[in-house]
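Working notes, beginning with the structure itself.
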Amino acid sequence: MSFQLTDEQRAIRTAVREFGEAEIEPVAREHDESREYPADVVERAADLDLVAPTIPREYDGAGMDTLSSVLVTEELWRADPGIGSAISARGFGTSMLATYGDEWMKEEWLPRIANGDSACCSCISEPAHGSNVAGIETRAEKAGDEYVIDGDKMWITNGTVADVAVVMAKTDTEVEPAHRGITAFLVPTDTEGFRPTKIDNKLGIRASDLAEIKLDGVRVPADHVVGEVDEGFYQLMDFFASGRVNVAAQALGTAQAALDAAVEYANEREQGGQLIKEYQSIEHMVAEMATAVEAARSLTYRAASYVESGDDDLAAKFASMAKLFASEHAVDVADDALQVHGGAGFVTDHPAERYYRDARITKIYEGTSEIQKNIIADRVL
């Protein structure tokens, strides 16, 4: 299937690439080494509608379709995965709000997130429950006209910088199957008992914020339920495909960055009296890298088109395929890019080692590669 970008989509890609080259690449190494959240870069990205670009226009968002938002993510991560993550993750949870939230929730929070004034986080994973969303242990007990939430959330992007969170909690522990009885709650992060702790010892994407969150007697009004009580898991399922396509785009951007770095180095480095690009072993390695990147791009764009079409079965299948293929090959391409650099790739003088570290996360979050294989097999066998 061939994908021809519209003039508007090509313009989006060009604008994001120019932003990445001007604003992200010059400070990428600095933020990776310092682990400092790039608040100033995020602010400038918001001015260009690059933060949560799928938020509808009526709430000050860019209202981008799925493929356009994929282009944004791809180019941000091509500039730098760490800062790209910090920007593209600002809107985590906004799809749930836009689709299932009450009007007051949308009016209060979506414009602030789109404008860069606030960040959102989505609290799903727990120390003992990552891919197994149905197994979450965080509880929300009804107490009069409030809910009291207690639990522990882990690996929460934006955990220490978010102003509001969408928290998934069990409201019915007796119902079967286990994924029933989960409810989504809108929780301002300044609510008493909401306690984030920054996770700073990450392998990669170090400029992106990550936290563990303790929920200790967090009280929210009953009207802070997002959607319907006990329907949170089913609501969340609506966004699995789009989330996985987004990670495929992240992997694609990282792989493209690694390929770019390898090509640049191969055109500069001399060995044995000639440029290393003239050695067939390097030629073949780069050829395989380039082929993998283009194959990942095609599959990712195709998956994005199915998400946009509303065909849930095809969207689920191709989103998992795209996430699996793009993430696995991003790690391989980054590894090859480091190999092209030789010893120079093993130190921070070149970005190859950073891409190698950054690529690895894409095989883990939004469902591991093993989970994606299960999903694909279920739809093929």
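Just so it is clear, the structure is predicted and the values come from calculations on it, not from any experiment.
- Side chain of Q235 to main chain of E228: a donor-acceptor pair is present (N/O by atom type, distance under 3.5 Å, no hydrogens or angles).
- Under the 4.5 Å side-chain criterion, counting only non-hydrogen atoms from C-beta, R360 is not in contact with R357.
- The closest donor-acceptor contact from the side chain of K202 to the backbone of S208 lies under 3.5 Å.
- The minimum heavy-atom distance linking V333 with A292 is given by the pair CG2-CB, 4.1 Å.
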side-chain hydrogen bond (donor to acceptor under 3.5 Å, both in side chains) between S88 and Q250: does it pass, once the steps are laid out?
CA-CA 9 Å; S88 59; Q250 296 172 5; 4.5 Å; no
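- Side-chain atoms of Y37 and V42, non-hydrogen and from C-beta on, do get closer than 4.5 Å to each other.
- F346 CZ: 12 or fewer foreign heavy atoms inside a 6.0 Å radius.
- By the neighbour-count criterion of 12 heavy atoms within 6.0 Å, atom CD of E283 is densely surrounded, having more than that number from other residues, nucleotides or ligands.
- Other residues, nucleotides and ligands place more than 12 heavy atoms under 6.0 Å from the CD atom of E268.
- Not one N or O on the side chain of R195 forms a donor-acceptor pair closer than 3.5 Å with the backbone of D216.
- Atom CZ of R244 sits about 8.0 Å away from atom CD1 of I371, to the nearest 0.5 Å.
- A distance of 12.5 Å separates CG in L259 from OG1 in T254, rounded to the nearest 0.5 Å.
- Partner of P81 under the side-chain contact (heavy atoms from CB on, under 4.5 Å) criterion, chosen from I361, L76, D358: D358.
- For R10 and D7, the salt-bridge test passes: some basic side-chain N is under 4.0 Å from an acidic carboxylate O.
- Side chain of D80 to backbone of E25: no donor-acceptor contact under 3.5 angstrom is found.
- The heavy-atom pair separating P26 from E21 by the smallest distance is CD-O, 3.5 Å.
- Open room surrounds CD on Q339; 12 or fewer heavy atoms of other groups in view lie less than 6.0 Å from it.
- Remark: I83 CD1 to I24 CD1 distance equals 6.0 Å, nearest 0.5 Å.
- The environment of NZ in K106 is crowded: more than 12 heavy-atom neighbours from other residues, nucleotides or ligands sit within 6.0 Å.
- T348 is listed as a side-chain neighbour of E353, based on a closest heavy-atom distance under 4.5 Å.
- Cluster membership for V51 and M96, using ILVMFWY side-chain heavy atoms within less than 4.5 angstrom, is not shared.
- Proximity of D60 to L110: side-chain heavy atoms (C-beta onward) are nowhere separated by under 4.5 Å.
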Worked check of side-chain contact (heavy atoms from CB on, under 4.5 Å) between E141 and Y147:
CA-CA 5 Å; E141 298 279 357; Y147 281 90; over 6 Å; no
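- Listed for the D150 side chain is no donor-acceptor partner under 3.5 Å among the backbone atoms of R139.
- Note that SG of C121 and CG of D163 are 9.5 Å apart. Values are rounded to the nearest 0.5 Å.
- The aromatic rings of W104 and H224 are tilted relative to each other, their planes meeting at an angle between 30° and 60°.
- In terms of heavy atoms, I199 sits closest to A211 at CD1-C, 3.7 Å.
- The pair R297-E294 meets the salt-bridge criterion, with a side-chain N (NZ, NE, NH1 or NH2) lying under 4.0 Å from an Asp/Glu carboxylate O.
- A salt bridge does not link R379 to D313: none of the charged side-chain nitrogens sits closer than 4.0 Å to a carboxylate oxygen.
- A169 approaches F185 most closely through the heavy-atom pair CB-CE1, 4.1 Å.
- Note: Y306 and F318 have tilted aromatic rings, judged against thresholds of 30 and 60 degrees for the angle between ring planes.
- By the 4.5 Å heavy-atom criterion applied to side chains, D152 and E126 are not counted as neighbours.
- The distance from atom NZ of K198 to atom CG of L210, rounded to the nearest 0.5 Å, is 8.0 Å.
- In this structure a side-chain-to-backbone donor-acceptor pair under 3.5 Å is missing from Y265 to H350.
- Annotation: side chain of H31 is not in contact with side chain of R206 (no heavy-atom distance under 4.5 Å).
- Remark: K170 does not engage E137 in a salt bridge, criterion side-chain N to carboxylate O under 4.0 Å.
- With hydrogens and angles disregarded, a donor-acceptor distance shorter than 3.5 Å links the side chain of Q372 to the backbone of G367.
- Checked for salt-bridge contact, R180 and D230 miss the test: no charged N lies under 4.0 Å from a carboxylate O.
- With a 4.5 Å cut-off on side-chain heavy atoms, K214 and T197 do not count as touching.
- Between H341 and A261, the shortest heavy-atom contact is CE1-O, 3.5 Å.
- With hydrogens and angles ignored, the 3.5 Å screen pairs no side-chain donor or acceptor of E288 with any backbone N or O of D336.
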As a quick check of understanding, evaluate side-chain hydrogen bond (donor to acceptor under 3.5 Å, both in side chains) for N374 and E370, giving each step before the final call.
CA-CA 6 Å; N374 288 344; E370 292 72 25; over 6 Å; no
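- Under the 4.5 Å side-chain heavy-atom criterion for grouping Ile, Leu, Val, Met, Phe, Trp and Tyr, V307 is not connected to F239 through any hydrophobic cluster.
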Let me see the working for F19 and V41 under side-chain contact (heavy atoms from CB on, under 4.5 Å), right down to the final yes or no.
CA-CA 10 Å; F19 175 82; V41 183; 4.1 Å; yes
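- Linking ILVMFWY residues whenever their side-chain heavy atoms come closer than 4.5 Å, directly or via other members, leaves L67 and I12 in distinct clusters.
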Would V16 and E74 count as a side-chain contact (heavy atoms from CB on, under 4.5 Å) here? Give the steps.
CA-CA 9 Å; V16 184; E74 177 187 351; over 6 Å; no
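- Here D65 contributes atom CG and E308 contributes atom CD; the two are 5.0 Å apart, rounded to the nearest 0.5 Å.
- Other residues, nucleotides and ligands contribute more than 12 heavy atoms inside 6.0 Å of the CD atom of E278.
- E192 CD: 12 or fewer foreign heavy atoms inside a 6.0 Å radius.
- The cluster map of Ile, Leu, Val, Met, Phe, Trp and Tyr, joined by side-chain heavy atoms under 4.5 Å apart, puts I136 and V175 in different clusters.
- The shortest heavy-atom contact between E366 and F240 is OE1-O, 4.5 Å.
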Does the side-chain contact (heavy atoms from CB on, under 4.5 Å) test come out yes or no for V229 and K142, once each step is laid out?
CA-CA 11 Å; V229 174; K142 189 74 179 295; over 6 Å; no
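- Here the side chains of T300 and F325 are not in contact, with every heavy-atom distance at 4.5 Å or above.
- Side chain of Q9 to main chain of T6: a donor-acceptor pair is present (N/O by atom type, distance under 3.5 Å, no hydrogens or angles).
- A donor-acceptor pair is defined here as one N or O able to donate and one able to accept, closer than 3.5 Å; such a pair exists between the side chain of S327 and the backbone of L324.
- Hydrophobic clustering (ILVMFWY, side-chain heavy atoms < 4.5 Å, transitive): L5 and W77 are in distinct clusters.
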